[in-house]
Protein chains: 4
Amino acid sequence: MESTPTKQKAIFSASLLLFAERGFDATTMPMIAENAKVGAGTIYRYFKNKESLVNELFQQHVNEFLQCIESGLANERDGYRDGFHHIFEGMVTFTKNHPRALGFIKTHSQGAFLTEESRLAYQKLVEFVCTFFREGQKQGIIRNLPENALIAILFGSFMEVYEMIENDYLSLTDELLAGVEESLWAALSRQS
Amino acid sequence: MESTPTKQKAIFSASLLLFAERGFDATTMPMIAENAKVGAGTIYRYFKNKESLVNELFQQHVNEFLQCIESGLANERDGYRDGFHHIFEGMVTFTKNHPRALGFIKTHSQGAFLTEESRLAYQKLVEFVCTFFREGQKQGIIRNLPENALIAILFGSFMEVYEMIENDYLSLTDELLAGVEESLWAALSRQS
Amino acid sequence: MESTPTKQKAIFSASLLLFAERGFDATTMPMIAENAKVGAGTIYRYFKNKESLVNELFQQHVNEFLQCIESGLANERDGYRDGFHHIFEGMVTFTKNHPRALGFIKTHSQGAFLTEESRLAYQKLVEFVCTFFREGQKQGIIRNLPENALIAILFGSFMEVYEMIENDYLSLTDELLAGVEESLWAALSRQS
Amino acid sequence: MESTPTKQKAIFSASLLLFAERGFDATTMPMIAENAKVGAGTIYRYFKNKESLVNELFQQHVNEFLQCIESGLANERDGYRDGFHHIFEGMVTFTKNHPRALGFIKTHSQGAFLTEESRLAYQKLVEFVCTFFREGQKQGIIRNLPENALIAILFGSFMEVYEMIENDYLSLTDELLAGVEESLWAALSRQS
DNA sequence: GATGAATGAGACTTCATTCAT
DNA sequence: GATGAATGAAGTCTCATTCAT
């Protein structure tokens with residue numbers, strides 16, 4: 001019934017936590033093996049090598065992040081602001097379903113070990129949000145900043161807030177989320 | 001007269017660039033030595049070891065970042081919004097005077113190799129801006145979000161924008177800076 | 001009726017080819033399993049371990065090589081030169097019946113993994129030919145060189161020629177074989 | 001004065017002995033380091049990796065073997081048979097100056113780790129002797145066998161004899177050498 | 001009997017650090 | 001003070017072998 005072997009999942013989970021916590025280079029394969037409660041050699045049955053592991057992990061989570069955002073937007077929406085709300089909600093959903101994953105993505109998205117495929121996956125994610133912004137700019141709703149600046153503001157803020165939550169510098173409440181969403185909307189939208 | 005020997009400076013500069021570009025773990029001491037045009041052993045005359053080097057580098061730049069912000073605020077100011085402008089300008093000044101330094105700070109601020117002292121230096125920087133925010137909240141100018149959320153939004157956005165610039169995804173113009181400042185002010189301030 | 005199970009034979013054949021081609025150390029047990037179309041664990045039903053496998057393989061083929069030579073000589077013979085012809089023919093027969101086997105023997109006869117028993121089997125082979133040479137020396141037909149030198153010349157040449165054939169640097173023809181036999185006879189026999 | 005560092009020489013010597021004795025795969029880098037009385041890491045200051053080491057070792061000795069043969073032939077010679085004598089003498093000289101080297105060459109000349117350059121060096125050696133044989137065939141002195149067969153007989157015999165000497169199955173005397181030379185000449189030359 | 005997923009010992013290799021020059 | 005050759009601890013990865021199915 002299980003399509004993905006149990007051990008592979010354990011390796012994936014352990015990797016995510018360790019990479020997010022310590023970074024790719026500072027995480028050793030024996031560390032991963034121990035945390036996944038698996039022999040060191042077992043990792044290599046499921047992943048060609050350490051780089052392969054980090055790339056698969058990265059792509060899977062970036063893709064799922066994108067899915068969360070997309071499926072948020074796919075819902076019927078009530079105006080552009082509501083579309084933004086869905087995107088924001090998608091981002092929140094992702095962070096809730098995949099603890100530490102956003103921290104992992106953030107600290108590894110510039111890594112030299114990323115393959116072209118991984119970079120493309122990330123690029124696709126960025127592109128999707130850019131498209132949404134372009135539409136808003138056409139409608140005169142979104143600020144007239146370069147798309148990359150808008151992305152940097154949205155993702156930079158969100159990821160940093162998220163990291164504060166994971167590190168217990170902030171506690172995750174609906175109130176906080178609503179406040180951050182409002183703040184980011186103000187950052188991105190033209191002020192009336 | 002020269003308090004800091006020439007070689008030490010060379011090591012510092014080379015380290016900054018390499019750490020910013022490749023990260024702490026992926027940067028080797030021989031690499032630093034070569035880029036600093038210094039023998040590998042010479043580094044150990046000036047720094048106890050690699051961790052010591054990265055910590056001194058981190059602290060120095062965090063402190064200088066703080067100085068830039070503080071000295072921005074120290075100027076006579078014309079209302080709270082103008083104070084924010086000075087802080088923003090201080091941040092910009094820092095990035096201009098210390099290329100790659102903000103990238104280095106961003107990617108190393110969670111490193112396991114950071115000493116308590118380094119963490120405190122970073123904390124002090126955060127604290128300073130928090131104080132500024134608290135004041136603004138008292139005056140009803142700044143949003144009623146947790147201070148850490150405000151910091152996350154300000155620093156997260158700024159660092160990400162800055163990284164885009166360094167990686168040539170954005171070009172540094174006064175217009176861009178003005179736009180980003182305006183956006184961040186909107187994110188942080190209560191909307192009238 | 002079948003005394004040797006089919007799978008064991010498959011393992012033997014696959015091992016021979018791989019050991020001959022890549023050598024003992026560069027051949028992995030999974031490789032053997034795959035080529036023998038057998039599970040990796042199955043090999044251990046028939047052989048205690050990798051060393052055991054290579055030793056049994058070595059002994060079997062050395063013994064069979066010896067048999068080919070012996071049975072060549074066993075035929076009624078027409079003088080000493082004709083005896084040599086039978087020996088040579090036996091060697092040729094062996095190489096024809098057991099492709100790659102001589103290459104395997106040649107490249108593994110000095111291996112550190114060989115047991116005393118394997119070395120003795122090889123020694124027995126050498127001894128048999130030595131005895132034949134001693135007889136020839138008594139009759140004044142074979143050169144007055146140390147037996148080991150005679151063996152080295154005969155086996156060294158033959159194995160090297162054989163390897164050239166297997167690697168397609170030489171093509172196996174009756175003419176070639178006749179020529180080589182004549183050459184080796186000249187090398188070993190006293191010139192009239 | 002010393003152009004090649006002492007340690008590199010020690011590594012070379014230790015490698016040669018170990019590779020000759022146990023083969024490439026069965027020889028570990030720590031083994032080499034220990035025998036060379038050098039730290040394991042030191043080997044990598046002089047050789048890129050294990051394959052690089054074995055290839056440099058192989059090429060150097062093959063080239064020197066060729067030089068010995070060539071410089072033997074370069075001497076003024078008194079007829080074709082005398083030329084063969086010089087070649088044989090060159091081979092003997094090489095084995096005397098480079099103990100174990102011929103055994104190393106013999107057991108590694110088919111290795112999968114050899115680079116194209118190494119194969120070419122070996123090919124050049126073979127080619128040189130082939131040319132000598134071709135000349136002899138034109139003069140009707142050398143047997144009408146394929147060149148590769150002649151090479152196989154000469155090298156195969158010589159290397160095997162040599163290995164017997166190194167393993168103390170034969171003792172190296174002028175008498176033995178004279179006898180082997182005479183035997184090999186008989187193997188290669190047309191009988192009058 | 002047969003299998004192949006799992007293991008961990010041990011191989012190759014890198015690199016922070018030392019120290020003789 | 002400055003150097004860089006030398007080191008060995010530690011990391012990545014392979015593969016002979018076992019054992020639950």
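The chains referred to below are lettered A, B, ... by the order of the sequence lines, with proteins before strands, and numbering in each begins at 1.
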Next on the checklist: Which is more 5' along DNA chain F, the nucleotide nearest D:K7 or the one nearest B:G39? Just name the residue.
Outcome noted: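 With D:K7 and B:G39 compared, the 5'-side residue is B:G39.
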
Checklist entry - Which comes earlier along DNA chain F counting from the 5' end, the contact point of A:M31 or that of B:K37, where each point is its nearest nucleotide? => result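 In this pair, the answer is B:K37.
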
If I take atom [atom1] in residue [X] and atom [atom2] in nucleotide [N], what distance separates them, rounded to the nearest angstrom?
X     : N      : atom1 : atom2 : answer
A:L18 : F:dT12 : CG    : C1'   : 16 Å
D:I43 : F:dA5  : CD1   : P     : 17 Å
D:K9  : F:dA5  : NZ    : P     : 18 Å

Next on the checklist: According to side chain to side chain donor-acceptor pair (under 3.5 Å), who are the partners of C:E34, at least two apart in sequence or on a separate chain?
Outcome noted: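 So C:E34 forms no side chain to side chain donor-acceptor pair (under 3.5 Å) with any residue.
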
Checklist entry - Of all residues at least two apart in sequence or in a different chain, which pass the ring pair (Phe, Tyr, Trp, His ring centres under 6.0 Å) check with D:H98? => result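 With neighbours one apart ignored, the set is D:H61, D:F94.
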
Next on the checklist: Just to verify, what does A:E56 make a salt bridge (charged side-chain N to carboxylate O under 4.0 Å, His left out) with, not counting sequence neighbours?
Outcome noted: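 So A:E56 forms no salt bridge (charged side-chain N to carboxylate O under 4.0 Å, His left out) with any residue.
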
Checklist entry - Listed by chain and number, what are the salt bridge (charged side-chain N to carboxylate O under 4.0 Å, His left out) partners of D:R100, not counting sequence neighbours? => result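 For D:R100, the residues satisfying salt bridge (charged side-chain N to carboxylate O under 4.0 Å, His left out) (neighbours in sequence not counted) are D:E166.
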
Checklist entry - Just checking A:F47: base, sugar-phosphate only, or nothing, at a heavy-atom cut-off of under 4.0 Å? => result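 Result for A:F47 = nothing.
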
Every protein N/O within reach of nucleotides 14-17 of chain E N/O, cut-off under 3.5 Å:
from	atom 1	to	atom 2	distance (Å)
E:dA16	OP1	B:K50	NZ	3.1
E:dA16	OP2	B:M29	N	2.5
E:dT17	OP2	B:Y44	OH	3.1
E:dT17	OP2	B:K50	N	2.9

Checklist entry - At their closest point, which heavy atom of C:S15 faces which heavy atom of C:I32, and how far apart are they? => result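 Scanning both residues, the minimum pair turns out to be OG-CG2, 3.6 Å.
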
Checklist entry - Which of these passes side-chain contact (heavy atoms from CB on, under 4.5 Å) with A:F24: A:L57, A:T107, A:L18, A:V54? => result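 Going through the options one by one, the only one that passes is A:V54.
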
Checklist entry - Given F:dT3, F:dA6, F:dG1, which nucleotide is nearest the side-chain atoms of B:V38? => result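 My answer, after comparing the listed nucleotides, is F:dT3.
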
Item to check | C:H108 side, atom NE2; C:Y122 side, atom OH - distance, nearest 0.5 Å | outcome: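 Result: 13.5 Å between the selected atoms.
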
Item to check | CG-OH distance between D:L53 and D:Y44, expressed to the nearest 0.5 angstrom | outcome: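 Atom-to-atom, D:L53:CG and D:Y44:OH are 9.0 Å apart.
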
Next on the checklist: In dot-bracket form, 5' to 3', how is DNA chain F paired? Count Watson-Crick and G-U wobble pairs only if both distances fall under 3.5 Å, and write | where the partner sits on another strand.
Outcome noted: .||||||||||||||||||||

